Asker: 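Have a look at this one.
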Amino acid sequence: MDSKWELLGWGDAGWGDQLLHGFMMTIVVSLIAYAMSLTIGLLAALSKLSARRMLRGIANTYTTIVRSLPELLVILIVYFSLVGGAEKLLKSLGLVSDRFEFSGFWAAVVALAFVNGAFMTEVMRAGILAVPKGQTEAAEAIGMPRALLFRRIVLPQMLRHSVPGLGNLWLAITKESAVVAVLGTFNELLFTAYRAAGVTKEYGLFYSVVAAAFLLISLVSMAIIHRIEKRVGRGF
Amino acid sequence: MISDILQFLPPLIKALPLTLMLTAVAGTLGLFFGIILALARISGYRILVWPSFTLGLVMRGTPLLVQLYLVYYGLGELLPGTWVRHSWLWPYLRNAIWYAILVLTISQACYNAEVLRGAILAVPKGQIEAARAVGMSPGRIFRRITLPQAFHAALPVLASDVIILLKATSLASTVTIMEVLGTARALQRETMMILEPLIAAAIIYFVVVLILTQLTSLLERKATSYRAR
Amino acid sequence: MANDIALAVRDIRKKFGPLEVLKGISLEARRGDVISLIGQSGSGKSTLLRCINYLETPDSGEIIVGDEVIRARPVRGRMSRADRRQLELVRRRLGMVFQNFNLWAHMTVLENIIEGPRHLLGLTRDQAVAEAEQLLEKVGIREKRDSYPSRLSGGQQQRVAIARALAMNPEVMLFDEPTSALDPELVQEVLQVIKGLAAEGRTMILVTHEMALARDISSEVVFLHQGLVEERGAPAEMMSNPKSDRLRQFLRMVA
Ligand SMILES: Nc1ncnc2c1ncn2[C@@H]1O[C@H](COP(=O)(O)OP(=O)(O)O)[C@@H](O)[C@H]1O
Ligand SMILES: [Mg+2]
């Protein structure tokens with residue numbers, strides 16, 4: 001029994017330090033991917049509501065396809081396209097040096113953001129549509145330019161409507177980040193445990209620790225989301 | 001490129017039944033256990049509420065892939081040391097598919113339970129009082145009034161959870177199961193073509209999800225036809 | 001003489017699909033005029049008012065505000081940058097008050113009022129607040145300046161909406177049934193404010209079912225029927241002595 005706990009210790013004998021590093025990496029990947037998917041989601045949602053048919057078409061295609069494919073499959077496709085096509089393209093354009101390689105980290109981040117951006121789009125679109133039309137008309141009627149109108153009238157109210165959806169997507173993205181372990185390109189939590197379990201044959205131990213760590217992330221996130229929901233529920 | 005992709009469709013279509021079987025089995029069992037878990041949650045008996053609540057929290061708070069690894073590798077490590085090793089069950093239990101079904105079923109049950117619990121609690125109190133007023137027993141009220149309405153209300157989410165389940169079965173490919181994605185990844189290694197098998201798999205998933213979406217919206221329209229438009 | 005005209009509407013036509021809602025309507029308001037638009041529900045009053053500030057785009061006709069002819073014409077649903085800019089500038093000269101108030105729900109009363117002056121007229125916050133407080137005084141709800149709209153009665157919300165429109169210093173005020181969404185006991189407080197504005201000599205276009213108000217403050221009453229002007233004239237004359245049967249019927253109905 002003692003030896004098992006030693007496996008989780010620090011230093012050469014134990015995997016504790018690597019696991020902690022993996023834990024941090026999982027959180028960092030999730031945070032960056034989440035921020036990127038917010039951007040993608042906002043742009044795609046605006047495209048969906050735009051008067052331009054081209055933009056609507058592109059955004060609809062993106063969300064329809066991505067949302068109907070398994071996350072793992074999309075992540076694999078994005079990953080292989082990035083390390084294959086995009087890398088070659090950037091090199092041929094001379095934007096990066098010949099030795100350039102997408103790091104496993106960034107490939108994973110982009111793949112995760114690409115998947116979740118599609119779900120984010122729907123959350124944001126619903127949020128924008130939830131702002132009463134009369135309120136945007138009132139802003140138009142005093143001659144507000146569209147960008148200002150979006151920033152001052154739509155955005156604040158839309159965020160409030162979107163908080164539950166945004167919270168769910170954060171929970172989803174932290175869990176989905178485990179899927180990038182399949183790529184095996186950098187040491188996030190699950191891949192670290194995978195290696196540790198492979199070396200030590202202590203599968204149950206390491207995967208239990210990983211499960212507990214993810215549960216911790218989820219529980220803390222849920223508590224924070226709950227507080228945010230209560231805060232924005234106040235006031236107007 | 002296009003003909004390369006097309007050549008991968010037949011072997012992947014052969015793998016589709018396994019994907020559909022995983023979805024159907026875990027979906028059906030998941031719904032069954034989901035109802036039980038939902039009832040346990042709202043039963044009011046602490047001995048039932050606590051385990052069902054905790055199970056739901058753990059299953060919904062951790063990644064499915066981690067659960068799959070934990071069960072597949074963890075049990076795989078544990079079971080050989082027990083009586084199971086020498087029982088007639090053993091040959092079956094060495095097949096990864098049982099672990100995948102186990103994990104997918106429990107996960108699905110927990111998500112279904114959450115939806116059903118919400119839907120049961122949302123049935124208007126007035127209707128239950130009306131049923132009590134005509135002298136129905138609590139059990140009968142639950143079977144005849146509460147459950148049908150909760151089910152109708154939950155149907156859209158339950159249906160979309162089946163589609164999520166179908167997509168989730170692809171994670172089984174990571175524990176050697178040759179469903180659609182597993183087959184596509186094997187073809188990747190065999191042919192040294194990187195994107196083509198994956199895109200062929202994407203086409204298959206897309207079509208299946210499209211059909212499922214149409215079916216569920218048809219189902220929903222039927223199920224909600226009693227409502228005023 | 002021409003620059004005496006604050007707002008002119010020339011032969012406006014508007015269809016929604018096959019439904020022809022406005023079939024060629026013209027109006028002219030000189031400075032200080034109050035024009036009341038009356039007519040049955042569905043006769044096109046709101047659409048006309050919304051065409052004036054281009055919340056609806058008319059199919060044909062002209063809107064002239066002061067010396068500016070609005071030339072905005074969307075091509076396949078899109079407007080050129082210059083046209084949009086012109087429209088924004090013209091809209092700042094037209095104040096709009098909606099039937100349903102349409103206050104911005106995430107802003108307090110004060111924030112609703114200073115939003116336009118600060119971001120569109122370039123006032124500092126202090127200047128905007130000082131003016132807003134005068135306006136709140138004028139519409140009689142100074143004590144509510146830090147409340148959110150959801151905490152106000154309909155009458156209070158509508159008075160804030162009027163103050164918000166006034167804060168832009170518009171040359172013409174447009175009112176679309178400003179008291180129709182209000183409980184009966186709250187109507188008077190809003191009517192008082194509108195009467196006050198008329199007495200100040202504000203130029204206004206007013207859609208209303210309040211015949212007493214229309215009679216008291218209008219320089220002209222325009223009766224719309226099925227997208228056309230059925231009858232127009234001085235209020236006292238029109239109401240006591242309607243020429244068309246339709247207006248007679250309408251007046252009997254609302255009386
Ligand atoms: N956005 C719209 N789309 C289609 N029909 C509309 C729209 N707005 C108004 N209408 C129709 O135009 C007619 C006139 O409406 P409106 O101008 O609101 O009348 P009023 O304000 O006099 O009651 C009505 O028949 C109404 O249904
Ligand atoms: Mg109207």
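Note that the structure is predicted; figures quoted are calculated from it, not measured. First the proteins, then the strands, lettered A, B, ... as listed; each starts at 1.
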Asker: As an exercise: rank B/V208, B/V58, B/V209, B/L70 by heavy-atom pairs under 4.5 Å with chain A and give me the winner.
Answerer: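 The residue among B/V208, B/V58, B/V209, B/L70 with the greatest pair count is B/L70.
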
Asker: Select one option (side chain, backbone, both, neither) describing which atoms of A/T64 are under 4.5 Å from chain B's heavy atoms.
Answerer: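 Answer is both: backbone and side chain atoms of A/T64 are under 4.5 Å from chain B.
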
Asker: Nearest 0.5 Å please: distance from the CG atom of B/L171 over to the CG atom of A/L73.
Answerer: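 One finds 11.0 Å between CG of B/L171 and CG of A/L73.
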
Asker: For chain B, which candidate among A/A212, A/A213, A/A211 shows the most heavy-atom pairs at distances under 4.5 Å?
Answerer: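 The candidate making the most pairs under 4.5 Å is A/A211.
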
Asker: Do you know the tightest heavy-atom contact between A/W15 and A/A196?
Answerer: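 Nearest heavy atoms, A/W15 then A/A196: CD2-CB, 3.4 Å.
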
Asker: Tell me, side chain or backbone of A/L219 under 4.5 Å from chain B's heavy atoms, or both, or neither?
Answerer: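 For A/L219, side-chain heavy atoms alone lie under 4.5 Å from chain B.
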
Asker: To the nearest 0.5 Å, what is the distance between CG on A/L69 and CD1 on A/I75?
Answerer: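 Taking CG in A/L69 and CD1 in A/I75, the distance rounds to 11.5 Å.
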
Asker: Using heavy-atom distances under 4.5 Å, tell me whether A/S177 contacts chain B through its side chain, its backbone, both, or neither.
Answerer: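 When you check distances to chain B, no heavy atom of A/S177 falls under 4.5 Å.
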
Asker: B/F206 and A/S68: which non-hydrogen atoms are nearest, and at how many Å?
Answerer: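 In terms of heavy atoms, the two residues are closest at CD1-OG, 3.0 Å.
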
Asker: Heavy-atom count around A/M24 CE within 6.0 Å, excluding the residue itself: above 12?
Answerer: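 Incorrect, the count does not exceed 12.
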
Asker: Distance only, no hydrogens: is a donor on one side chain within 3.5 Å (strictly under) of an acceptor on the other, for A/T63 and A/K48?
Answerer: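 A donor-acceptor contact under 3.5 Å links the two side chains.
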
Asker: With a 4.5 angstrom heavy-atom cut-off, could you sort out which part of A/L171 is near chain B: side chain, backbone, both or neither?
Answerer: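 When you check distances to chain B, no heavy atom of A/L171 falls under 4.5 Å.
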
Asker: Let me confirm one number: the CG-CG distance from A/L55 to A/N60, rounded to the nearest 0.5 Å.
Answerer: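 Rounded to the nearest 0.5 Å, the CG-CG separation comes out at 10.5 Å.
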
Asker: Could you have a look at A/Y203, A/F80, A/Y194 and say which one has the most heavy-atom pairs with chain B under 4.5 angstrom?
Answerer: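 Maximum pair count with chain B is reached by A/Y203.
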
Asker: Just how far is it from atom CG of B/L166 to atom CG of B/L20, taken to the nearest 0.5 Å?
Answerer: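 With rounding to 0.5 Å, CG (B/L166) is 6.5 Å from CG (B/L20).
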
Asker: So which of B/L57, B/I204, B/L210 has the biggest tally of heavy-atom pairs under 4.5 Å with chain A?
Answerer: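 Top count of heavy-atom pairs under 4.5 Å with chain A: B/L57.
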
Asker: When rounded to the nearest 0.5 angstrom, what is the spacing between CH2 in A/W170 and NZ in A/K175?
Answerer: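 NZ of A/K175 is found 12.5 Å from CH2 of A/W170.
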
Asker: Using heavy-atom distances under 4.5 Å, tell me whether B/I163 contacts chain A through its side chain, its backbone, both, or neither.
Answerer: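 Nothing of B/I163, per the 4.5 Å heavy-atom cut-off to chain A.
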
Asker: Heavy atoms only, distances under 4.5 angstrom: which of B/L195, B/I164, B/I199 has the most pairs with chain A? Name it, please.
Answerer: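 If we count pairs closer than 4.5 Å to chain A, B/L195 comes out on top.
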
Asker: Relative to chain A, which segment of B/T169 carries a heavy atom at a distance below 4.5 Å: side chain, backbone, both, or neither?
Answerer: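 Neither part; nothing is under 4.5 Å.
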
Asker: Measure distances from B/T174 to the heavy atoms of chain A and classify the residue's part below 4.5 Å as side chain, backbone, both or neither.
Answerer: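 Contact with chain A: side chain only.
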
Asker: When only pairs under 4.5 Å are counted, which of B/A201, B/A202, B/G74 shares the most heavy-atom pairs with chain A?
Answerer: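 Of the options given, most contacts go to B/A202.
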
Asker: Using heavy-atom distances under 4.5 Å, tell me whether A/E176 contacts chain B through its side chain, its backbone, both, or neither.
Answerer: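 Neither part.
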
Asker: Please look at B/Q67 and chain A and tell me whether the side chain, the backbone, both or neither of the residue comes under 4.5 angstrom of a heavy atom of that chain.
Answerer: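 When you check distances to chain A, no heavy atom of B/Q67 falls under 4.5 Å.
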
Asker: When rounded to the nearest 0.5 angstrom, what is the spacing between CD1 in B/I120 and CD1 in B/I42?
Answerer: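 Here the interatomic distance stands at 4.0 Å.
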
